[in-house]
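This report concerns only the one structure given below.
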Amino acid sequence: MGVESTLLIIKPDGVSRGLVGEILTRVERKGYKIDRIEGVTIDRALAEKHYGEHKGKDFYDDLIEYITSGMSVVAIIRGENAIENLRFLMGATNPLDATPGSIRGAYATSVTHNMVHGSDSADSAAREIELFFPESGR
Ligand code: DAT
Ligand code: MG
């Protein structure tokens with residue numbers, strides 16, 4: 001609650017499909033600020049740290065392969081209730097369950113290729129921001 005920072009990732013298909021502007025526009029129009037942003041091809045080591053909680057699950061290998069498959073855009077997003085609200089803007093993990101007005105509901109068709117990532121708690125946000133922007137000094 002209050003002003004928070006969260007990590008947004010526009011996953012490789014969001015970048016390759018040319019939807020970076022569309023997604024960032026939604027985030028900005030909601031009222032959030034982009035504190036840091038960069039394009040990065042996530043390597044396997046970074047992907048395994050980021051998604052460590054999912055290691056051993058049946059979708060893990062597909063998830064790592066996908067997130068490392070091309071350039072992503074990673075950003076620190078800041079504003080009122082940013083963590084919960086960004087996940088609300090993104091919609092449910094499975095685009096089939098996401099409302100059509102959400103990012104995943106509007107643009108994604110499979111749970112693997114679900115376009116965006118947003119930190120799911122204050123602890124996750126702190127951990128993920130440190131992982132992707134270690135110099136950010138939080
Ligand atoms: P979220 O990205 O909404 O936080 P998560 O942390 O549970 O969801 O899972 C991380 C990613 O793993 C998710 O964005 C897509 C993939 N994933 C999750 N559940 C899956 C499933 N049942 N089948 C395939 N991929 C899945
Ligand atoms: Mg998650």
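Counting starts at 1 for both ligands and their atoms, in listed order. What you see below is based on every heavy atom in this structure, not just the backbone, and it leaves out hydrogens, waters and symmetry mates.
Rounded to the nearest 0.5 Å, atoms CD1 (Ile76) and CD1 (Ile129) are 5.0 Å apart.
Contact annotation for Met115 and ligand 1: no heavy atom of the residue comes within less than 4.0 Å of the ligand. Contacts with ligand 1 closer than 4.0 Å are made by no heavy atom of Glu53, backbone or side chain. Contact annotation: for Arg104 versus ligand 1, heavy atoms closer than 4.0 Å belong to the side chain alone. The proximity of Leu63 to ligand 1, defined as any non-hydrogen pair under 4.0 Å, is limited to the side chain.
At the shortest separation from atom 14 (O) of ligand 1 among protein heavy atoms lies Asn114 ND2, 2.8 Å. From the protein, the heavy atom lying nearest to atom 6 (O) of ligand 1 is His54 NE2, 3.0 Å. With respect to atom 22 (N) of ligand 1, the closest heavy atom belonging to the protein is Phe59 CD2, 3.9 Å. When only non-hydrogen protein atoms are considered, atom 4 (O) of ligand 1 lies nearest to Arg87 NH1, 2.9 Å. Nearest protein neighbour of atom 1 (P) of ligand 1, counting heavy atoms only, is Thr93 OG1, 3.5 Å. Nearest protein neighbour of atom 15 (C) of ligand 1, counting heavy atoms only, is Val111 O, 3.3 Å.
No more than 12 heavy atoms of other residues, nucleotides or ligands shown are found within 6.0 angstrom of CD on Glu65. In Glu84, the CD atom is not crowded: 12 or fewer heavy atoms of neighbouring residues, nucleotides or ligands sit closer than 6.0 Å. Other residues, nucleotides and ligands place no more than 12 heavy atoms under 6.0 Å from the NZ atom of Lys33.
Between Arg36 and Glu135 there is a salt bridge, since a side-chain N of the basic residue sits under 4.0 Å from a carboxylate O of the acidic one.
At least one heavy atom of Lys11 sits less than 4.0 Å from an atom of ligand 1. Under a 4.0 angstrom heavy-atom cut-off, Met90 registers as lying outside contact with ligand 1.
Using the six-membered ring where Trp is involved, Phe59 and His54 have ring planes that are tilted, between 30° and 60° apart.
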Next on the checklist: Between Glu80 and Tyr32, is the side-chain hydrogen bond (donor to acceptor under 3.5 Å, both in side chains) condition met? List the steps.
Outcome noted: CA-CA 8 Å; Glu80 192 74 19; Tyr32 292 112; over 6 Å; no
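Under the 4.5 Å side-chain heavy-atom criterion for grouping Ile, Leu, Val, Met, Phe, Trp and Tyr, Val40 is not connected to Ile10 through any hydrophobic cluster.
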